[in-house]
*Asks:* 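Supplied in C-alpha cells, the structure appears directly below.
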Amino acid sequence: MTTETGTIVNIDLKKIREDFPILKKQVNGKPLIYFDNGATAQKPKAVIEAITKYYSEQNSNIHRGVHTLSREITVEYEHAREKIQKHINARYVHEIIFTKGTTDGINLVAHCFGKLYIQEGDEILLTEMEHHSNIIPWQLLCEEKKAKLKVIPINDKGELILDELDQLISSKTKLIALTHISNTLGTINPVKAIVAKAHRKNIPVLVDGAQAIPHTKVDVRDLDCDFYVFSGHKVFGPTGVGILYGKEKWLNAFPPYQGGGGIIKTVTFEKTEYAESPLKFEAGTPHIEGGIGLAVALDYINEIGLEHIHIYETELLQYATNQLTAIPGLRIIGTAKEKASVISFIVEGIHPFDMGLILDKLGIAVRTGHHCTQPLMQHFGIPGTIRASFAFYNTKEEIDVFTEGIKKAISMLR
Ligand code: PMP
C-alpha cells in the first residue's frame, strides 16, 4: 500500500488481517476493534499452528532425553534461541535467556545483580514513567539492602528531563533501569544516549523493552545496554515466555536465580557445580512451545518488516491523534516528539472506566486505568487514562469507528 506521504509500505492489510483469526470475532454484536495491543497483542495463525503442532506432534521434554522426540524438540528450542539472538543482534546465543516475561527478567537481574553489587547506601536510578514491573523489583532490593531509589523526572509532554541526569548520577549509582517505550505515554526514550552517558561513569543499564519490541528494530549491540528484557505475548507470541538479554560478562558473574533441574554440571549434597549461561538461569522445565512460538512470531513480523510496521503505525498514530484532538474536552496525555503508536487520553468530567465500558459495548477494546504506572498518574494528577494502542493490523476505518464511539460516549455520559 501507499501511505498519504507517498511511501510504499509492505502492509497488505487484507492478508495480514486474515492471518489473525481473532480479528473476525464479534464482540457485543459488533466487529471486534482491538486497540489493547499494549496489554497483549493478538497471535497470527503461524504462532497458533506452531503451538498446536508442538502438542500434537512434538511434545517432549528438552535437554534431557536420548529419544528422538526429545532430541528433535531440543534442536528446535535452541534454534528458536538463535533466531531471537539474531533478531536483537546479540553477540552470543548464551546471552539469550528464556524467562516467563519482562517482569521475570527484571526480577532475575534485580536478584542476581543485587546480591553481588548492591550495598547499603547504594543508589538505583529509574524514571518517572516506569511500569510497576520496573519499579517494585528494585524497591524490594533497596529495602533488603538499605539502598535508595532515585528517579529521573519527566516534563509535561511525557519526555525525560535529561538535563537532570548528571545531577542524579552520583558515585553511589550502581544501575540505571528504564523503559525503552512508555506503555502509558508512548514516549520513545533516547536509550542509546543514556547508555553512553551511564557507561562513561561505569554504570550498567537495564532496558525494559516490553513495548519497544513489537514496534521497533531493537539492536542490543548498537544500544550497548547491559540488559534488555521483553515479553513474548506483546510481540504477537505466546504468553508466559519472555527474554532476558544480558552481556556475557554479567551473566558469567551472576549466581543462579533459582535452583532446580537443568542448571547444573554436577550435584552432591555438599556442593553443586553450575552450568554456564543460559542454562544456569533456566531452572526446571521451560515454556518449550512458548520459546518456539516466540521465534515464529518474530519470523512473522520480520517477513512484514519492522521498517514497514513503523511507517504504517506512525501513520495510524498521526491519524488518530488528529481525530482525537478535534474532540472538545479530550486531552491527550503524552505528547512527546518521539512517540510509538499509543494514545492515552482523558475526557473532562468523564471517568475513564465509564468510557471504557461504553466503548466495549461498541466492540472496541481499550485499556482504562493507571496502566501499572501509578507514579506517572501522580505526576499528571489524574487517576487513570483511556489508552488505545495500535498494531499493524489496525486500520484507519477502525479509528473512525473509535472516534465516533468516543463522541457517542461523551454525549451519553455528560
Ligand atoms: N514493562 C512495560 C513497559 C510493560 O508495558 C509491561 C506490560 N504491560 C511490563 C513491563 C510487564 O510485562 P509482563 O506482564 O509481560 O511481564
Side-chain angles (χ1 to χ4, degrees), residues 34-43 47 84 97-111 126-140 151-152 154 158-160 176-189 191 194 205-216 218 223 225 227-245 257 286-287 290-291 293-294 297-298 313 333-334 336 338-344 365-377 379 384-391:
Y34 188 76
F35 284 172
D36 197 17
N37 296 286
T40 198
Q42 299 303 347
K43 321 301 170 200
V47 170
I84 294 157
I97 296 166
F98 281 115
T99 64
K100 285 191 287 181
T102 307
T103 307
D104 193 34
I106 297 170
N107 275 281
L108 189 159
V109 177
H111 177 90
L126 310 178
T127 86
E128 214 178 348
M129 67 174 83
E130 294 314 310
H131 188 280
H132 296 163
S133 292
N134 200 25
I135 300 175
I136 299 167
W138 306 113
Q139 223 162 28
L140 288 168
V151 181
I152 307 171
I154 58 165
E159 295 163 329
L160 294 176
I176 300 178
L178 85 159
T179 193
H180 196 164
I181 295 183
S182 159
N183 61 311
T184 303
L185 308 170
T187 310
I188 304 174
N189 286 322
V191 167
I194 294 171
V205 180
L206 174 140
V207 181
D208 171 352
Q211 297 293 336
I213 203 85
H215 300 294
T216 53
V218 171
L223 293 175
C225 54
F227 307 100
Y228 197 97
V229 286
F230 61 92
S231 303
H233 69 99
K234 292 192 201 275
V235 65
F236 315 99
T239 48
V241 72
I243 294 297
L244 161 65
Y245 156 80
Y257 174 40
H287 189 355
L294 171 52
L298 296 179
E313 288 182 348
I333 306 290
E338 299 294 329
K339 246 189 100 164
S341 53
V342 175
I343 302 190
S344 262
V366 290
R367 182 79 182 266
T368 58
H370 53 67
H371 318 296
C372 297
T373 53
Q374 282 189 359
L376 193 53
M377 297 297 112
H379 172 97
T385 73
I386 302 140
R387 181 188 72 183
S389 45
F390 310 120

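Each ligand, and each atom within it, is numbered from 1 in the order the structure gives. Residue numbers count from 1 along this sequence.
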*Asks:* Using heavy atoms and a 4.0 Å limit, tell me yes or no: is N134 in contact with ligand 1?
*Replies:* no
*Asks:* Would you mind running through ligand 1 and noting each atom that sits below 4.0 Å from a heavy atom of T179?
*Replies:* 3 (C)
*Asks:* Would a distance-only check, ignoring hydrogens and angles, find a side-chain to backbone donor-acceptor pair under 3.5 Å from H132 to Q374?
*Replies:* yes
*Asks:* Identify the protein heavy atom lying closest to atom 4 (C) of ligand 1, giving its residue, its atom name and the separation to 0.1 Å.
*Replies:* H131 CD2, 3.3 Å
*Asks:* Quick check on side-chain hydrogen bond (donor to acceptor under 3.5 Å, both in side chains): which of T102, T40, T239 does H233 satisfy it with?
*Replies:* T40
*Asks:* So which heavy atom in the protein is nearest atom 3 (C) of ligand 1, and how far is it from that ligand atom?
*Replies:* D208 OD2, 3.5 Å
*Asks:* Could you please spell out the steps behind the side chain to side chain donor-acceptor pair (under 3.5 Å) verdict for H371 and T373?
*Replies:* CA-CA 5 Å; H371 318 296; T373 53; over 6 Å; no
*Asks:* Rounded to the nearest 0.5 Å, how far apart are CD1 of I343 and CD1 of I386?
*Replies:* 12.0 Å
*Asks:* Measure the distance from atom 5 (O) of ligand 1 to every protein heavy atom, then report the residue, atom name and distance (to 0.1 Å) of the closest one.
*Replies:* Q211 NE2, 2.7 Å
*Asks:* Is S344 reaching over with its side chain to a backbone N or O of T184, donor-acceptor style, under 3.5 angstrom?
*Replies:* yes
*Asks:* Checking T99 side chain against D104 main chain: does a donor-acceptor pair fall under 3.5 Å?
*Replies:* no
*Asks:* Does even one non-hydrogen atom of H233 get within less than 4.0 Å of ligand 1?
*Replies:* yes
*Asks:* Taking only heavy atoms of T103, which atoms of ligand 1 are found under 4.0 Å from at least one of them?
*Replies:* 11 (C), 12 (O), 13 (P), 14 (O), 16 (O)
*Asks:* Under 6.0 Å between the ring centres of F227 and Y245?
*Replies:* no
*Asks:* Closer than 4.0 Å to some heavy atom of S231 - which atoms of ligand 1 meet that?
*Replies:* 12 (O), 13 (P), 15 (O), 16 (O)
*Asks:* Looking only at protein heavy atoms, which one is nearest to atom 7 (C) of ligand 1, and how far off is it?
*Replies:* K234 NZ, 2.6 Å
